[in-house]
Number of protein chains: 2
Amino acid sequence: MTSVAPSQEGSTRSVDRALRLLAAVLESTTQGTLSDLARATELSAATASRLLATLAQHDLVVRGEDGKYRSGTRMRQLAAAALRDNALYELVGPHLIQLVEETSETASLGVPGPPGEVLYLRQVPSPRQVQTAVWTGRTIPRDGTALGAALDGATTPRGFVTSQRPDSDVTAVAAPVLGHNGEILGAISINAPAYRTTDADVERYGAALVRHARELSVALGAPQHLVGPA
Amino acid sequence: MTSVAPSQEGSTRSVDRALRLLAAVLESTTQGTLSDLARATELSAATASRLLATLAQHDLVVRGEDGKYRSGTRMRQLAAAALRDNALYELVGPHLIQLVEETSETASLGVPGPPGEVLYLRQVPSPRQVQTAVWTGRTIPRDGTALGAALDGATTPRGFVTSQRPDSDVTAVAAPVLGHNGEILGAISINAPAYRTTDADVERYGAALVRHARELSVALGAPQHLVGPA
DNA sequence: CCTTCTCTTTTCATCTGCCGAAAATCGATC
DNA sequence: GATCGATTTTCGGCAGATGAAAAGAGAAGG
């Protein structure tokens, strides 16, 4: 059973205790009854009972017929979310920097936002004086945008999608990033001022995006047959 | 930003609040600053600040330079543990039942226990009157046992390992189960009374264990090249 | 059937830990 | 410098969290 350090400065004690119980459950490879957990965390049985009941109400833990506590459905949902979203955020950084070096244009990560919208989650700006704006934290429509189309999986056979709307002076190119079940987690894009973007530029940006999206997808565990050859 | 249900009956209020903040962080796909999270969970900024600080002390969340909260390292550790251990426990049930039908002997799942020991995590007993005992929740030594050797990956080329100790009247056969990174999560075994177990029985049990271990490994996401052909 | 035991939950009185309002701090902008 | 919004800290009050004890629940044995 896990032995844990004493409570730390300035924390909320009851929350601290509950979190230690949660960790004891999740890391347990031995007996996991209420009594075991109370002893492991040096709490009274009464306190442990109440705190575990709170964790159980949130479905973070569940008690089996054998009286042992294990992770609950909600815990696994939050677990999957933690593993999925943070990995993408952290992994994408160096790729965006490199995309800017290769294209001299602004590079972005977009993820699903509120219904019908795409969120700019992370961006690296172009080094040029004239550049597309950095809108990190803002959303754009999902319809009619390159990021939106990439999130919908509506790419060409080469793996990227472009957008040049008549009412916009931005040319956007985007490619989706896949997770370990082959699901689309997000998309990376290059946004460039249309006045200096040729068709050859679009092809070049697209190829770079597909290459980086592929590397990211592989790093996130996407099945090889969905990612395609290197 | 996530909107969450009111607090439920009988829970520990401060823990309840902290868990709702944690869920809001992990599920957030929009702004995730302290103010955002306080609004989403209808807490005062002061309370949210303190509770998030407690979560951060446990490294369940971390605040980036942009002021937004994301999952922390410890959260991802616990997440991986939750996804790994519970999946194995639940998935193995039908396989153990089937192994008993195929062999008429006691089938077990063993996982790493305290140092130098193996824990019987789940078992299905033989239907016969003379059977090996069900020791669910107990540990056996890792050295010199079939489960221990399987957890150490010390199998024959056919994928299973046997144990027939001179001081024991039990014949044990075991095969390891792999996770999505190819790591050994546990091992499944058949324990049979030695007096009625022939060499042909051992071969048969081994083949059945390898087949089921393979199916379990695939279901848990193990890379195909580590699992071997079906 | 009853008794005994262990584990768990609930009750209850106590007190201190948690709370929110307010003040202070911090960082960005003009 | 002043202003503003976000965040942290201070502080007094009270109710929520606590542990001891009682009650409840289930299993085992006679």
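Below, read A as the first sequence line, B as the second, and so on, with proteins coming before strands; counting in each chain starts at 1.
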Which whole-number value in Å describes the distance from [X] [atom1] to [N] [atom2]?
X: B/L37; N: D/dT7; atom1: CG; atom2: C1'; result: 13 Å
X: A/L43; N: C/dT8; atom1: CG; atom2: C1'; result: 15 Å
X: B/Y69; N: D/dT7; atom1: OH; atom2: P; result: 7 Å
X: A/L34; N: D/dG26; atom1: CG; atom2: C1'; result: 15 Å
X: A/L51; N: D/dG16; atom1: CG; atom2: C1'; result: 12 Å
X: A/E42; N: D/dT18; atom1: CD; atom2: P; result: 15 Å
X: B/D36; N: D/dT7; atom1: CG; atom2: C1'; result: 13 Å
X: B/Q57; N: D/dT8; atom1: CD; atom2: C1'; result: 14 Å

Of the options [options], whose atoms approach the side-chain atoms of [X] most closely?
X: A/T47; options: D/dG19, C/dT8, D/dT7; answer: D/dG19
X: A/R13; options: C/dA21, C/dT11, C/dC18; answer: C/dC18
X: A/R50; options: C/dT11, C/dC18, C/dC7; answer: C/dT11

Establish, with yes or no, whether the OP1 or OP2 oxygen of D/dG16 is under 4.0 angstrom from a side-chain nitrogen or oxygen of B/S14.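 No, no such contact exists.
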
Any B/R63 side-chain N or O less than 4.0 Å from OP1/OP2 of D/dT8: yes

Could I get the full list of salt bridge (charged side-chain N to carboxylate O under 4.0 Å, His left out) partners for B/D143, not counting sequence neighbours? none

Ranking B/S44 and A/A45 by the position along DNA chain C of their nearest nucleotide, the one closer to 5' is A/A45

Quick check on DNA chain C: between A/G67 and B/R17, whose nearest nucleotide comes earlier from the 5' end? A/G67

Have B/N191 and B/Y120 got a donor and an acceptor in their side chains that come within less than 3.5 Å? yes

The single option from A/L60, A/V62, A/L55, A/L52 passing side chain to side chain contact (heavy atoms under 4.5 Å, CB included) against A/Y69: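 Testing A/Y69 for a side chain to side chain contact (heavy atoms under 4.5 Å, CB included) against A/L60, A/V62, A/L55, A/L52 leaves exactly one candidate, A/L52.
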
B/R20 side chain to B/T41 backbone, donor-acceptor under 3.5 Å: yes

Shortest non-hydrogen pair, A/S217 vs A/L178, comes out as OG-N, 2.8 Å

So which one's nearest nucleotide on DNA chain D is more toward 5', B/V15 or B/S49?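 Its nucleotide being nearer the 5' end, the pick is B/S49.
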
